[in-house]
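One structure below.
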Amino acid sequence: MKKIILTFVFTFAVATVAAQVKGLGFGPRVGINFADYMNSPGSSRTGVYAGAFVDYNFTHRWGIETGAYYSQLGSTDNVELGYASPTIHRMDYLSVPLVGKFNFLGGFRVIAGFEGLFKLSAERKVKNGGPTTEMENVRSSNLAFTVGAGYLLRCGLDITASYSKGFNSAIMHTGETTCPTYFRVAVGWRFIGTNK
C-alpha cells in the first residue's frame, strides 16, 4: 500500500512539473486585499479575496488568465459630513480579472490587464458603536487596471502580488474622487488541465 501511494505521488509530481510550462491550468486562490480610495484621507481596509482561476499558456513565455473571486474592498477611518465618528465603508464585489502573463526564469511571471468589479453589497459602519446602514449611490460595476508579479513552484503552489486602480469613482455624485485602489497578496494551487 505504501509503495502504491508513493508511486501515485511521484507520478502526480512529475506530471505537474511537465504541465506547468504550456497548456491549460486551473485552481483555487485565496488572499488579502489592502484597499482604499485614491487620495483618500482615510485608512485602508483589510479584506478577504477568494475564488478560482483558469489560465492558458500559449508558449513557454506567454499566457492569459481569468477567474472569479469574492473581493472585499472599501476604506476605513473616513471623515464624512453628518457623522460624528469616522466611518468604515464595506464594499464587497465579484471580481473577474483578465490579464496577460509573461513567464521567465522558471516559475517567475509578470502580469498586466484589467479587472471587472461587480457590486455585491455596500455598507457604512459608524465607528464607536454607531449603526450599520446600506450605502447609497455606489456604482454597480467598475473597471480596474491591474499589474503584478508571481511565482509558480514546481509542486503547483502559486504566489502572487498585485496592485489595482479603478477607472471610476466607487461612490457617485459626491464631488470627490473615490476610485478604488488596492494591493493584494494571494496564494493558490494550480492543477493541470491540458498539456501540449
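For reference, positions follow the sequence shown, starting with 1. Fair warning: this is a prediction, and the values are worked out from it, not measured in the lab.
- Of the possible polar contacts, none joining the D92 side chain to the S121 backbone as a donor-acceptor pair under 3.5 Å is found.
- Both L24 and F58 are assigned to one and the same hydrophobic cluster, defined by single-linkage of ILVMFWY side chains at heavy-atom distances under 4.5 Å.
- Side-chain atoms of E115 and S95 form a donor-acceptor pair, as typed in the model, at a separation below 3.5 Å.
- Here the CZ atom belonging to F191 is positioned 12.0 Å from the CG atom belonging to D158, to the nearest 0.5 angstrom.
- Contact of the N142 side chain with the N168 side chain is registered, since non-hydrogen atoms from C-beta on lie closer than 4.5 Å.
- Two residues are said to be in side-chain contact when any heavy atoms from C-beta on lie closer than 4.5 Å; K127 and I88 meet this criterion.
- Contact check for R90 versus R45: side-chain heavy atoms found under the 4.5 Å cut-off.
- Minimum heavy-atom separation, A186 to R29: CB-CG, 3.8 Å.
- Follow the hydrophobic side-chain contacts under 4.5 Å out from W62 and you reach I64 in the same cluster.
- If you take CG on L153 and CH2 on W189, they are separated by 8.5 Å, rounding to the nearest 0.5 Å.
- In this structure, the separation between CZ on F102 and CZ on R61 is 5.0 Å, given to the nearest 0.5 Å.
- Contact check for Y56 versus V54: no side-chain heavy atoms found under the 4.5 Å cut-off.
- Smallest separation of non-hydrogen atoms from A144 and F167: C-CE1, 3.9 Å.
- Contact record, Y49 with S71: CD1-OG, 3.8 Å, taken as the closest heavy-atom pair.
- Taking the side chain as every heavy atom from C-beta outward, L152 and N103 never approach each other to under 4.5 Å.
- Judged purely by distance below 3.5 Å, without hydrogens or angles, the side chains of D36 and S75 pair a donor atom with an acceptor atom.
- Put simply, the side chain of F53 does not reach to within 4.5 Å of the side chain of T160, judged on heavy atoms.
- The aromatic rings of H89 and Y37 sit tilted, their planes meeting at an angle between 30° and 60°.
- Put simply, the side chain of S141 does not reach to within 4.5 Å of the side chain of Y93, judged on heavy atoms.
- Put simply, the side chain of Y70 reaches to within 4.5 Å of the side chain of L120, judged on heavy atoms.
- T66 contributes atom OG1, which lies 5.5 Å from atom CG of L98 (distance to the nearest 0.5 angstrom).
- Considering all non-hydrogen atoms of both residues, A68 and L94 come closest at CB-CD1, 4.3 Å.
- Going from atom CG of L73 over to atom CE of M91 covers 9.0 Å, rounded to the nearest 0.5 Å.
- Tracing side-chain contacts under 4.5 Å through hydrophobic residues (I, L, V, M, F, W, Y), one reaches F26 starting from I159; they form part of the same cluster.
- The main-chain N or O of P86 is never found under 3.5 Å from a side-chain atom of D77 such that the two would form a donor-acceptor pair.
- The nearest pair of heavy atoms linking V138 to A122 is CG2-CB, 3.9 Å.
- Placement of Y163 and V185 in two distinct hydrophobic clusters is found when ILVMFWY residues are connected by side-chain heavy-atom separations under 4.5 Å, directly or transitively.
- Here the closest heavy-atom approach between residue R139 and residue K119 is recorded as O-CB, 3.9 Å.
- There is a side-chain donor-acceptor pair under 3.5 Å between N33 and R184.
- Side-chain heavy atoms closer than 4.5 Å link hydrophobic residues (I, L, V, M, F, W, Y) into clusters, and following such links, possibly through other members, connects V110 to V187.
- In this structure, the side chain of S85 does not engage the main chain of N128 through any donor-acceptor pair within 3.5 Å.
- Atom OG1 of T46 sits about 12.0 Å away from atom CZ of F183, to the nearest 0.5 Å.
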